[in-house]
Amino acid sequence: QTPAVVGSFGVSSVTDNSAGNFSVNFSTAFADTTYVGVTSMNLYNRGSQATSLLTKTTSAMSFGTNYELSADSNTIADAEVNMCVFFGDQ
């Protein structure tokens with residue numbers, strides 16, 4: 001699936017780097033890397049789900065998505081829905 005921005009609010013694009021790895025690119029860079037990015041995902045009925053920060057620059061933030069179907073399974077996968085919000089000075 002191709003990532004798409006719905007309601008940009010300062011996001012210029014989303015890059016699908018690999019399975020479960022996305023970069024959110026900002027149309028206006030943050031003043032520094034002390035901004036906060038909050039991410040969430042939904043994989044509809046696929047067990048425990050988590051997102052994690054991978055890299056952060058003033059112009060983009062990369063995050064990973066994964067889910068756990070059972071106690072011993074941790075699978076990296078593209079989420080059906082990713083949600084992000086960012087707080088900081090630009």
Side-chain angles (χ1 to χ4, degrees):
Q1 71 197 50
T2 302
V5 176
V6 178
S8 66
F9 299 102
V11 171
S12 60
S13 64
V14 176
T15 305
D16 187 353
N17 301 314
S18 62
N21 181 328
F22 300 91
S23 292
V24 178
N25 305 294
F26 308 124
S27 52
T28 301
F30 280 92
D32 53 43
T33 58
T34 61
Y35 67 90
V36 175
V38 180
T39 61
S40 183
M41 63 182 261
N42 196 337
L43 278 166
Y44 304 113
N45 301 316
R46 301 238 181 122
S48 299
Q49 305 167 17
T51 61
S52 57
L53 171 66
L54 300 175
T55 61
K56 184 166 78 165
T57 67
T58 57
S59 59
M61 185 182 107
S62 296
F63 67 97
T65 60
N66 62 354
Y67 64 93
E68 186 176 294
L69 291 175
S70 63
D72 60 349
S73 165
N74 192 21
T75 303
I76 296 172
D78 289 346
E80 289 148 0
V81 176
N82 290 304
M83 297 147 284
C84 306
V85 61
F86 303 95
F87 303 94
D89 294 329
Q90 289 184 298

Handout entry: Donor-acceptor contact below 3.5 Å, side chain T51 vs main chain T39
Key = yes
Exercise for the section: Kindly give the cluster partners of F87, where membership spreads through any ILVMFWY side chain lying under 4.5 Å from a current member. Expected result: V36, V38, V85
Exercise for the section: Not counting sequence neighbours, which residues clear side chain to side chain donor-acceptor pair (under 3.5 Å) with T34? List them please. Expected result: D32
Exercise for the section: May I ask you to decide if A60's main-chain N or O and T57's side chain share a donor-acceptor pair within less than 3.5 Å? Expected result: yes
Practice task
Determine, using the 4.5 Å side-chain heavy-atom cutoff (strictly less than), whether M41 and V14 are members of one ILVMFWY cluster.
Solution key: no
Exercise for the section: Applying side-chain contact (heavy atoms from CB on, under 4.5 Å), name anything that partners V6, two or more places apart in sequence or on another chain. Expected result: none
Problem - Listed partners of T55 passing side chain to side chain donor-acceptor pair (under 3.5 Å), at least two apart - result: S62
Practice task
Only counting residues at least two apart or in another chain, list the ones meeting side chain to side chain donor-acceptor pair (under 3.5 Å) with T15.
Solution key: N25
Practice task
Side-chain contact test, heavy atoms from C-beta onward, threshold under 4.5 Å: evaluate it for M61 versus L53 and give yes or no.
Solution key: yes
Problem - Note, F22 side chain near N82 side chain (heavy atom, < 4.5 Å) - result: yes
Fill in the blank from the handout: Rounded to the nearest 0.5 Å, the CZ atom of F26 sits from the OG atom of S13 at a distance of 10.5 Å
Handout entry: Any side-chain heavy-atom pair of C84 and F63 under 4.5 Å
Key = yes
Problem - Path from V5 to F30 over hydrophobic side-chain contacts below 4.5 Å - result: yes
Exercise for the section: Kindly say whether the aromatic ring centers of F9 and F86 come within a distance under 6.0 Å. Expected result: no
Problem - Side-chain donor or acceptor of Y35 paired with backbone N/O of Q90 under 3.5 Å - result: no
Fill in the blank from the handout: Sequence neighbours excluded, the answer for side-chain contact (heavy atoms from CB on, under 4.5 Å) partners of T58 is A29, T33
